[in-house]
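Shown next, in structure tokens, is the structure this report addresses.
A, B, ... follow the sequence lines: proteins, then strands. Residue 1 opens every chain. For clarity, every value in this text was computed on a predicted model and none was experimentally measured.
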Amino acid sequence: MNPQLTRRHFIKGVIFSASAAASGAGYYIASAASRSPGAVERLISLNVNGRVRRVDVLPQETLAHTLRYRLNLTGTKLACNRGECGACTVMLDDIANYSCSVLTHQVKDRAVITVEGLRAEDGTLHPVQQAFIEELSPQCGFCTPGQVVAAAALLRANPNPTREEARQGLSGNLCRCGAYDHYLNGVMRAAELMA
Amino acid sequence: MPSHDVMPDMELYQPVQVEDALALAARLGERGWLLGGGQDTYGWLKDRAKRAEALIDLNGIAALRGISETADGIEIGALTSLTEIATSPLINQRYGVLAAAAGRVASPQIRNAGTLGGNVSQDVRCWYYRRGLDCYRAGGNLCYADTPEGMNREHAIFGQSRCVAASPSDTAPALVALDASMVIRSENGERVMPAADYFVGPAIDIRNTTALRTGEILTAVRIPSTWANASFYFEKVADRNVWDFALVSIAVAMKLNGDTISDSRFVAGAVECKPRRLLDVEAAVRGKPRDAATAQSLGDLASRGARTLAHNQYKVPLLNNLVRRALHIA
Ligand SMILES: Cc1cc2nc3c(=O)[nH]c(=O)nc-3n(C[C@H](O)[C@H](O)[C@H](O)COP(=O)(O)OP(=O)(O)OC[C@H]3O[C@@H](n4cnc5c(N)ncnc54)[C@H](O)[C@@H]3O)c2cc1C
Ligand code: SF4
Ligand code: FES
Ligand code: FES
């Protein structure tokens, strides 16, 4: 293996070749389709984590794909890719959305915040991140970025939730490890930290 | 790095005027696909079970969003999100059954993106059909679900006609209960039809769940004042409280005159391919008090005439019990 390769790039390469091999017709390599009149321009500006970034986006591309594979923001996870797990949760204008189930072209005028964009400029963790550490919320950690963003969005809308409200707020995020109560403890502590 | 995405190659249009969207829908015809929140759409496209050459994204059309009061009730733009409906003070105050139904759809994130127009226009959730099999609904000549070994636990107990799929929408029964009407536009003009006629079963049209035709866009849903501030009940039973579709749901509106029910709407979801109005139940409770005795007197009236499949007999007692509960809980 090329020692230059980072672990991240190595993993990505493996994922790509495995998916291409395993799924056959299931995956398409999107081609640069010729544009028809009135259709969207591919080169767009996106406001991600407070920075405006120019990026070349296919018409049908999902936001999760753009974030991970064009902007290298791999904190956003892709698991089910069909709106059934929450691992890909990001904030669009402060509202939690599944980035696997929104087109990048639909968020041109919206502020996208991913898990990478939650901590402060000086590196201080977001209260949700801090509270999740203190409460040992994650187990394996795979669902954690989605849980963090969903919790942050919940607290923006409702800074002082009851435990039941927090449960509802995080109900669109699956955790295969079943660490739900630990995440809820984290949300309740985060609300205290923010008070 | 090569770009691999599960989304197939498609063109995308983002009109900001209804007129432009209508022109696109007319021009593209069967090749186009209207896009609301996309929460039903992406599954079809990612699975390659249905295809489109171009998406017509309606989200940029401000005129299709929002909840407003009218001379006789309210009007909800078709692109209004389910979260906005579930949390709207106006809808919670006057038409609580709709807020409750919208709040039970899927998950918070799906309600944030999903629209009312998409929710009432979504396709059925039959496993076989969604896998892209060439069943009746897909234009073929057999049903994979209505067989002794078929997975038909979620399917219909009424109104089957070759296809036995059940209505997936949580808001649909609430809209029928509220006597809502659907505002539909095309390049040729506007037509308004009762929600009860918007939803169609396989005996009328086996390929479509609604009366919408190619080139038409649902622009708004109107709710008359008829049932404003009535007594409401909504309950959805599903395997999980989040994500899962209703196994059976019930949306009820009742007008009480003193202690007795003067008029009512009882509408069940997921028992037929469209919301099922329980006319016999409505007739039986007229003039009766809303109490346990009335509930008991109904017996199995709600489920009379049901034709169950191999694995969905449980829907019969479930439907009967939900109807009773709507009367019990004051
Ligand atoms: C994991 C998961 C769980 C779900 N659970 C539930 C559930 O519990 N209850 C439930 O009711 N639904 C559920 N859904 C289904 C559905 O995604 C949502 O109901 C959502 O409301 C659909 O709305 P949308 O705007 O996202 O639809 P879209 O996907 O945008 O549209 C759905 C269909 O309607 C058409 N359409 C959209 N808007 C219009 C319009 N204005 N005029 C004409 N046609 C239009 C589209 O062309 C498409 O065919 C679930 C979906 C997923 C992925
Ligand atoms: S129930 Fe309807 S959608 Fe399902 S396999 Fe049968 S015909 Fe197709
Ligand atoms: S990856 Fe988006 S919800 Fe699972
Ligand atoms: S911590 Fe493992 S999936 Fe949630």
Which pair of non-hydrogen atoms, one from [X] and one from [Y], has the smallest distance, and what is that distance?
X	Y	value
A:A96	B:N112	O-ND2, 2.8 Å
B:S107	A:Y98	OG-OH, 2.7 Å
A:C100	B:K46	O-NZ, 2.8 Å

message = Can you tell me which portion of B:L55 sits under 4.5 Å from chain A's heavy atoms? Options are side chain, backbone, both or neither.
response =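 Only the side chain of B:L55 comes within 4.5 Å of chain A.
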Evaluation steps, side chain to side chain contact (heavy atoms under 4.5 Å, CB included), between B:Q14 and A:K108 = CA-CA 11 Å; B:Q14 298 191 301; A:K108 280 176 288 204; 2.6 Å; yes
query = Tell me, do B:L12 and A:L103 make a side-chain contact under 4.5 Å, heavy atoms counted?
reply =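 Side-chain contact under 4.5 Å: yes.
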Per-residue contact mode, [X] against chain B (heavy atom under 4.5 angstrom):
X	result
A:L92	neither
A:A150	side chain
A:C88	neither
A:D109	neither

ask   = Taking atom CG of A:N97 and atom CZ of B:R111, what is their separation to the nearest 0.5 Å?
value =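 Here the rounded value is 12.5 Å.
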query = For the candidates A:I95, A:V102, A:N173, which exhibits the highest count of non-hydrogen atom pairs separated by less than 4.5 Å from chain B?
reply =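 Winner by heavy-atom pair count: A:N173.
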Contact leader toward chain A among B:T83, B:N59, B:D47, where contacts are heavy-atom pairs under 4.5 Å =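 Max contact count across the listed options: B:D47.
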Around [X], counting heavy atoms of other residues, nucleotides and ligands shown, do more than 12 lie under 6.0 Å from its [atom1]?
X	atom1	value
B:R240	CZ	yes
B:R131	CZ	no
B:W44	CH2	yes
A:R119	CZ	no

query = Just by modelled atom types, is the B:D57 backbone N or O under 3.5 Å from a matching donor or acceptor in the A:Q106 side chain?
reply =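 No; zero donor-acceptor contacts below 3.5 Å.
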key: Contacts with chain A made by residues 30-42 of chain B (heavy-atom distance under 4.5 Å), listed by residue number   =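 Near chain A, by residue number: B:L35, B:G36, B:G37, B:Q39, B:Y42.
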message = Name the residue from B:L45, B:V6, B:D9 that meets the side-chain contact (heavy atoms from CB on, under 4.5 Å) definition with A:Q60.
response =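 So, applying the side-chain contact (heavy atoms from CB on, under 4.5 Å) to A:Q60 and each of B:L45, B:V6, B:D9, only B:D9 qualifies.
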